[in-house]
2 protein chains.
Amino acid sequence: MRKVDRQRLLRNLIQTHEIERQEDFVKLLQAEQIEVTQATISRDIKEMQLVKVPNADEGYHYSLPLEKKLDVKEKLRRTLRDAYVTHNQQDYFVVIKAHPGNAPAIASLLDQLQSEDIFGTIGGDDTVLIICKSEEQAKQLRVFIEDLLK
Amino acid sequence: MRKVDRQRLLRNLIQTHEIERQEDFVKLLQAEQIEVTQATISRDIKEMQLVKVPNADEGYHYSLPLEKKLDVKEKLRRTLRDAYVTHNQQDYFVVIKAHPGNAPAIASLLDQLQSEDIFGTIGGDDTVLIICKSEEQAKQLRVFIEDLLK
DNA sequence: GTTGAATACTAATTCAAA
DNA sequence: TTTGAATTAGTATTCAAC
């Protein structure tokens, strides 16, 4: 496996798992038949500028770099401002309706940004369906979106 | 020295110095006659949710947490939206005029967020004078403010 | 609740190898 | 240039004290 591929995988793992230690990466990769050592992960993390963030309550987790996230949020704000039509939340779903063609971009930006709350997104042409991990997190996401639109 | 005061100091240090290791904090505090150990700094970092970020080129530095930065920017946006009157940039200065009483909050938020460009801020009651490190950075700050107001 | 000293743990780097 | 094994450097936690 190539370095770039491994790093893409790391990016995915970080979004789908709570990674507390570099060894967690090693184990998750092992589960996919990819053998690497902690040393390699450390180098990847440096290269990708991942950071280990203290959780609000306790423990730590690895996360995407700050600047990237700031940029993503700004981009999302602008996209929504230009393309937003309506949104809605029910149970652990949030639906955003946008002008035709804009849904995939919005889905992608949400994926990049809010990954802790979001289980997955499905983008049509003008509609994004966001499946959250809980109703609570769906509410948070709704508030987050409303905040962006303010 | 109280914990809160020390942590406020850490917040300042992080903005004015390139902190690579927790021991750097210890030494900088020592220089101000404050004796703490690395263990305490580690606890502070966890509590304040500071993160160690890989630099683009090489090395690492401690930084404010992503969420905090996002929040600060958001807060600044709202404060400006509510309280903004005019702004102006000349040489390496930027002046923001706001409704009476709002300048200190704006100054503080700017300090927290954009510290790389900003040498210092002086807040009156309705005016913030921001001294940047160069004219170039003053221009960047102006653009940043205009972006926030869009 | 807060801290330092010692320690355990985790991450970064060195060094050799391919 | 990329990697693993071993090592060093750095960070988090424990434990005792206050």
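Naming: A, B, ... by sequence-line order, numbering from 1 per chain. Owing to the predicted nature of the structure, the values given are computational and were not obtained by experimental measurement.
Residues that satisfy the salt bridge (Lys or Arg N to Asp or Glu O under 4.0 Å) test with B:K97, not counting sequence neighbours, are absent from this structure.
Between A:D24 and A:R21 there is a salt bridge, since a side-chain N of the basic residue sits under 4.0 Å from a carboxylate O of the acidic one. With salt bridges taken as basic N to acidic carboxylate O contacts below 4.0 Å, one links B:R78 and A:D147.
Chain B approaches DNA chain D within less than 4.0 angstrom (heavy atoms of the protein), and the contacting nucleotides run 5' to 3' from D:dG10 to D:dT14.
Counting all heavy atoms, side chain and backbone alike, B:K133 lies closest to B:I118 at CE-O, 3.6 Å. Contact between A:E135 and A:Y92 at its shortest, heavy atoms only, is N-CB, 3.6 Å.
No engagement by B:R2 is indicated, since no non-hydrogen atom pair under 4.0 Å with the nucleic acid exists. If you check every strand for non-hydrogen atoms under 4.0 Å, B:E35 touches sugar and phosphate atoms only.
B:R6 is listed as a side-chain neighbour of B:L29, based on a closest heavy-atom distance under 4.5 Å.
One interatomic measurement links the two molecules: CD of B:Q30 to P of C:dG4, which rounds to 11 Å at whole-angstrom precision.
Between A:R142 and the options A:H87, A:Q90, A:Q89, a side chain to side chain donor-acceptor pair (under 3.5 Å) holds for only A:Q89. For the side chain to side chain contact (heavy atoms under 4.5 Å, CB included) with A:L110, the qualifying choice from A:L80, A:L76, A:V72 is A:L76, the only one to do so.
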Pick out the pairs of N or O atoms, protein on one side and nucleotides 11-14 of chain C on the other, that lie under 3.5 Å.
from, atom 1, to, atom 2, distance (Å)
C:dA11, OP1, A:Y62, OH, 2.7
C:dA11, OP2, A:Q22, N, 2.8
C:dA12, OP2, A:Q22, NE2, 2.5
C:dA12, OP2, A:S42, OG, 2.9
C:dA12, N7, A:Q38, NE2, 2.8
C:dA12, N6, A:Q38, OE1, 2.9
C:dT13, OP2, A:K46, NZ, 3.3
C:dT14, O4, A:R43, NH2, 2.6

